[in-house]
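In what follows, chains carry the letters A, B, and so on, assigned in the order in which the sequence lines appear, proteins first and then strands, with residues in each chain numbered from 1.
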Protein chains: 2
Amino acid sequence: MPGIKEVAKQANVSIATVSRVLSKPESVAEETIKRVLEVIEDLNYQPNAAARQLRMSETTTILVVVPDITNTFFSDVLRGIEFVALENGYQVLLGDAGNNPEQEKGYLNILRQKKAAGMILLTAGIEANLVEEIAAQYPVVLACEYLEGVNVPTVSIDNVSSARKATEYLINLGHKRIGYISGPMNSVLGRDRLKGFYQAMAQYNVKVEPDLVQEGDFSYKSGFNMMLKLLAYSHTPTAVFAANDEMAFGAVNAIEEKGLTVPQDISVIGFDNIKFSSIFKPALTTISQPTFDIGTKAMELLIGLMTKQEMKKTQFILENKLVLRDSCYKCSR
Amino acid sequence: MPGIKEVAKQANVSIATVSRVLSKPESVAEETIKRVLEVIEDLNYQPNAAARQLRMSETTTILVVVPDITNTFFSDVLRGIEFVALENGYQVLLGDAGNNPEQEKGYLNILRQKKAAGMILLTAGIEANLVEEIAAQYPVVLACEYLEGVNVPTVSIDNVSSARKATEYLINLGHKRIGYISGPMNSVLGRDRLKGFYQAMAQYNVKVEPDLVQEGDFSYKSGFNMMLKLLAYSHTPTAVFAANDEMAFGAVNAIEEKGLTVPQDISVIGFDNIKFSSIFKPALTTISQPTFDIGTKAMELLIGLMTKQEMKKTQFILENKLVLRDSCYKCSR
DNA sequence: AATTGGATTGTAACCGCATTCAAATTTAGT
DNA sequence: ACTAAATTTGAATGCGGTTACAATCCAATT
């Protein structure tokens, strides 16, 4: 409620001095600082963000667009982002795209209206060229997802090689008939992980049964349904790789609903290592992404962009690891 | 990038006219509107939010403070909030308190700086009188949590009666030795649910074994550990009520680790009905909160407050229901 | 004693937009 | 054709800060 001039009056100085106490204290007399600070404390004065922003043409809020806030994978990344944002005096504006590209696109206006100084995209529903155009005008970083051929700062893991790693693990357990439940093919993530799967299969000379590769959409339900489909074939797989944990849960439950057990009858491996993966039974073997670190790194990158620091590197591939739990077992057939 | 005066120049009108086209088109000639709109389209002009906000002294962002973004219970509420926020032209600023009251308090400055027009608190880490003080100055609504004796608009469920309902269910299944894993006692939520438990036990004349009531902190780990503690007593309970689902998962897993099974040996009931409850095995019997509705209702309430509408009612108790799944069974001992 | 210069502080001009008030233009009425 | 009324438009002002620039003060220097 109190404005800068109220403070100025009570402290018997001009508004300029009050402003200086807050931003360039070294140019103000010791004693004056003390007096002003006291009044500020007294009145519980907080500078009006809009006025400051208008004058300085810079805000301290950044926008984060998430494909689905309900997925704990993203909320972990979000935590990382918020952590370093707060540490640096930024606030995060949340945009949940609800898996809808149109809605996602709507958030771009927040940037244009200067309501946010920069943006972190955890999604990839926007066309590459639009992203590129926006990134040319505003600080933007991509996290988790990335766009092919687009030179926007990015932090993610290597989805191809980690999917390869997971597949290799299955192969080394002796599995030959390996099913794959992919993410949506219109997402790079979905495509990359599938690519890794194919690469590993080729490398080890294991034949890919086309019927055993089904497209899901990263949801539990799709994992469940696709697994049912796989189980309907005469030759059921002995192992299944689901492109994310939620689908893996669906697969496991579908398998058990059919009276089979995981991992004795069929091994299942997931991707992401979300919070529930270790709680689920059987505890899910999966690829672990450093979610929190992806978040912190992305935010650090964005800060670099916003403060126009010289960036030596703008593409970050973080380490992932295979975490072994109880959902995979040696092939017995 | 383009400002209002750029538009004005290109459309051959004054900035006043441009402004009017955007806010009071009925006071501008048909033809002028068309011309201005064309230029706006052309230049991709977006009014500067800071300037507008400064002038109008109102912003369209609201603040939501969450105790823990990682808990899917809250992300569901958040979805509800965002849904109606977006529909009404508001953006949501996310504040993750990380279960830390200090951090939570820090978010209040966002209100004072006028960066947000209102606030929804999903937490209750701030002292009642501070909340009351803030609520007197700014639009604030409490969701999920509430504060005793504080007359701040609130939307939640009746935690006492729903805990009673869950307990009754256990009692009706024939259980006499019922354990309870509570939430932290410094939260109203934790206390209310415990109260409901006591009420039901008293009503049915079932003795409460003090040893079988343990305090957790709503985390999986605490559920696990407290259950281990319950299992260490000579007389183990035949049923356990955990004050939220995550702790219930912990309890189930602890029970199974000891070689017992749920629900045959021990029944477990949870609270919240988070996404994972139906995926978990055994599927968790639990109290379902209308998370999405809590969110939408809270946001509607807040909008009412911000637009200074006459409110006939500011306390909303939403319906909960007991959802029966596979983690409870008749008492066999 | 007059001059100089550093340290402090105040004055005033913006930042981009909404809005008041008066001017300009059009329409209507006689 | 001329005036009054209604409609449309523009110039000026202020929202609450920041900051360039000018003014003031006082000790140090000459």
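Between the CG atom of B:Asn48 and the P atom of C:dG16 there is a distance of 7 Å, given to the nearest Å. Atom-to-atom, NZ of B:Lys9 to P of C:dG16 comes out at 13 Å; the value is rounded to the nearest Å. Between the P atom of C:dT8 and the CD atom of A:Glu30 lies a distance of 9 Å, rounded to the nearest Å. In this structure, the NZ atom of A:Lys5 is 16 Å from the P atom of C:dG10, given to the nearest Å.
Applying the 4.0 Å criterion to OP1 and OP2 of C:dT11, one finds that A:Ser14 has every side-chain N and O outside that range.
Side chains of B:Gln289 and B:Thr291: a donor-acceptor N/O pair is absent below 3.5 angstrom, by distance only. For the 3.5 Å distance criterion, the side chains of B:Thr60 and A:Lys115 qualify, holding a donor opposite an acceptor. Defined by atom type and a distance below 3.5 Å, a donor-acceptor pair is missing between the side-chain atoms of B:Gln10 and B:Asp42.
With rounding to the nearest 0.5 Å, the separation of CD in A:Gln53 from CG in A:Asn48 is 10.0 Å. The CD atom of B:Gln46 sits 9.5 Å away from atom CD1 of B:Ile40, with the distance rounded to the nearest 0.5 Å.
Between B:Leu54 and B:Ala16, the residue whose closest nucleotide on DNA chain C is further toward the 5' end is B:Leu54. Between B:Ala51 and B:Ile15, the residue anchored nearer the 5' end of DNA chain D, judged by the nucleotide with its closest heavy atom, is B:Ile15.
Partners of B:Pro47 according to the side chain to side chain contact (heavy atoms under 4.5 Å, CB included) rule, which considers only residues two or more places apart in sequence or in another chain, are B:Tyr45, B:Arg52. Contacts of B:Asp96 classified as side chain to side chain contact (heavy atoms under 4.5 Å, CB included), with partners at least two apart in sequence or in another chain: A:Arg79, A:Glu82, B:Ile69. By the salt bridge (Lys or Arg N to Asp or Glu O under 4.0 Å) test, B:Lys114 is found to be paired with no residue, residues two or more places apart in sequence or in another chain being considered. In this structure, the side chain to side chain contact (heavy atoms under 4.5 Å, CB included) partners of A:Glu104, at least two apart in sequence or on a different chain, are A:Val65, A:Ala97, A:Thr123, A:Ile126. Partners of A:Glu102 according to the side chain to side chain contact (heavy atoms under 4.5 Å, CB included) rule, which considers only residues two or more places apart in sequence or in another chain, are A:Asn100, A:Lys105.
Residue pairs meeting the ring-ring contact (aromatic ring centres under 6.0 Å, His included) criterion with at least one member in residues 82-125 of chain B, sequence neighbours excluded, are B:Phe83-B:Phe292.
Residues of residues 33-43 of chain B having a heavy atom closer than 4.0 Å to DNA chain D: none are found. Near-neighbour residues of DNA chain C inside residues 17-28 of chain A, defined by a heavy atom below 4.0 Å, number-ordered: A:Thr17, A:Arg20, A:Ser27, A:Val28.
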Run the side-chain donor-acceptor check on residues 137-151 of chain B: report pairs under 3.5 Å with partners two or more places apart or on a different chain.
from, atom 1, to, atom 2, distance (Å)
B:Tyr146, OH, B:Asp192, OD2, 2.8
B:Glu148, OE2, B:Arg191, NH2, 2.9

Atom pairs and distances, donor-acceptor, side-chain atoms in residues 11-37 of chain A, under 3.5 Å, two or more places apart:
from, atom 1, to, atom 2, distance (Å)
A:Ser14, OG, A:Ala16, N, 3.4
A:Ser14, OG, A:Thr17, N, 3.4
A:Ser14, OG, A:Thr17, OG1, 3.3
A:Ser23, OG, A:Ser19, O, 3.0
A:Ser27, OG, A:Lys24, O, 2.9
A:Arg35, NH1, A:Ala11, O, 2.4

Self-check item: CA sep, side-chain torsions, deciding dist, call: B:Glu6, B:Leu43, side chain to side chain contact (heavy atoms under 4.5 Å, CB included)
Solution: CA-CA 9 Å; B:Glu6 182 62 24; B:Leu43 269 49; 3.6 Å; yes
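Here B:Ala29 lies in heavy-atom contact (under 4.0 Å) with sugar-phosphate atoms only.
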Distances under 3.5 Å between protein N/O atoms and the N/O atoms of nucleotides 24-26 of chain C, please, pair by pair.
none

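Considering only side-chain atoms of B:Arg52, the nucleotide from C:dC17, C:dG16, C:dT9 that sits closest is C:dC17.
On the nucleic acid side, DNA chain D contacts chain B at distances under 4.0 Å to non-hydrogen atoms, with the end points of that region at D:dT8 to D:dG16.
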